[in-house]
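All residue numbers in this chain count up from 1 along the given sequence.
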Amino acid sequence: MESEAIDSQLADELRSVCRTTVGDELRSITYFTEDVVEQLYLRSDLERTADLVGFADHERRGFHSQSAYRNTQLGDYQATIRLFENGYLSRVIRGPHGVWVTTDAMSIDRFEELTSALETVLTDFAAVADAEAADD
């Protein structure tokens, strides 16, 4: 796995909002930037066999592809949801960082709640990091 550089407060907040929003359907949480990937949670009944670096390489494309959806009648890009045989992967990117969350099946309303919660945490943390950088 690549360097572990996520702020511990951000990691705690991401775990908290995912557990609150998704509940027992939560499978995993992974934080990523252009340079870092760190798994924050993996449900105990799952094996650590996923290629996180490979997943991250694919999900990082979202940093650049979001612009493809600008100015469409769909509105602003919010998240990507991928359907797999054994669950779902939901990716949210805000600013220089993102999170993908894997879940069991759940309603689209819960995916929307999860997206909103993750957007808030990522945006708030980016604002704090920007303010701290400006103070330096």
| request: Applying side chain to side chain contact (heavy atoms under 4.5 Å, CB included), run through Gln39 and Ile29 and close with a yes or a no. | output: CA-CA 6 Å; Gln39 189 165 63; Ile29 307 165; over 6 Å; no
| Intermediate values then yes/no, side chain to side chain contact (heavy atoms under 4.5 Å, CB included), Leu52 and Thr30 | CA-CA 8 Å; Leu52 293 181; Thr30 305; 4.0 Å; yes
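Contact of the Val101 side chain with the Leu14 side chain is not registered, since no non-hydrogen atoms from C-beta on lie closer than 4.5 Å. In this structure, Leu10 and Val121 have side chains that are in contact, with non-hydrogen atoms separated by less than 4.5 Å.
Applying the salt bridge (charged side-chain N to carboxylate O under 4.0 Å, His left out) criterion to Asp109, with sequence neighbours excluded, gives no partner residue. Under the rule for a salt bridge (charged side-chain N to carboxylate O under 4.0 Å, His left out), the partners of Asp24 that lie at least two apart in sequence or sit in another chain are Arg19. A search for side-chain contact (heavy atoms from CB on, under 4.5 Å) contacts involving Gln9 returns Asp7, Glu13, not counting sequence neighbours.
Heavy-atom minimum distance, Gly98 versus Leu122: CA-CD1, 4.2 Å. Heavy-atom minimum distance, Leu42 versus Arg48: CD2-CG, 3.3 Å. Between Cys18 and Leu118, the shortest heavy-atom distance links the atoms SG-CD2, 3.8 Å.
Interatomic distance, CG of Leu40 versus OG of Ser28, reported as 9.5 Å (0.5 Å rounding). Between atom NE2 of residue His58 and atom CG of residue Asp51 there is a gap of 12.5 Å, rounded to the nearest 0.5 Å.
Within the structure, the side-chain hydrogen bond (donor to acceptor under 3.5 Å, both in side chains) test picks out the following pairs touching residues 112-121 (sequence neighbours left out): Arg94-Glu119. Counting only residues at least two apart or in different chains, ring pair (Phe, Tyr, Trp, His ring centres under 6.0 Å) contacts with residues 97-116 comprise Tyr31-His97, Phe32-Trp100, Phe55-Trp100, Tyr88-Phe111.
Cluster annotation: Val99 is not connected to Leu46 through the hydrophobic network of ILVMFWY side chains, with a link wherever side-chain heavy atoms come within less than 4.5 Å.
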Check: residues 75-84 side-chain donor-acceptor pairs under 3.5 Å, at least two apart:
unit_1: Tyr77; atom_1: OH; unit_2: Thr80; atom_2: N; d: 3.2
unit_1: Tyr77; atom_1: OH; unit_2: Thr80; atom_2: OG1; d: 2.7
unit_1: Tyr77; atom_1: OH; unit_2: Arg91; atom_2: NH2; d: 3.1
unit_1: Thr80; atom_1: OG1; unit_2: Arg91; atom_2: NH2; d: 2.9
unit_1: Arg82; atom_1: NE; unit_2: Glu59; atom_2: OE2; d: 3.1
unit_1: Arg82; atom_1: NH2; unit_2: Glu59; atom_2: OE1; d: 3.3

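A side chain to side chain donor-acceptor pair (under 3.5 Å) with Arg27 is found for one member of Thr102, Asp104, Thr103 and no other, namely Asp104.
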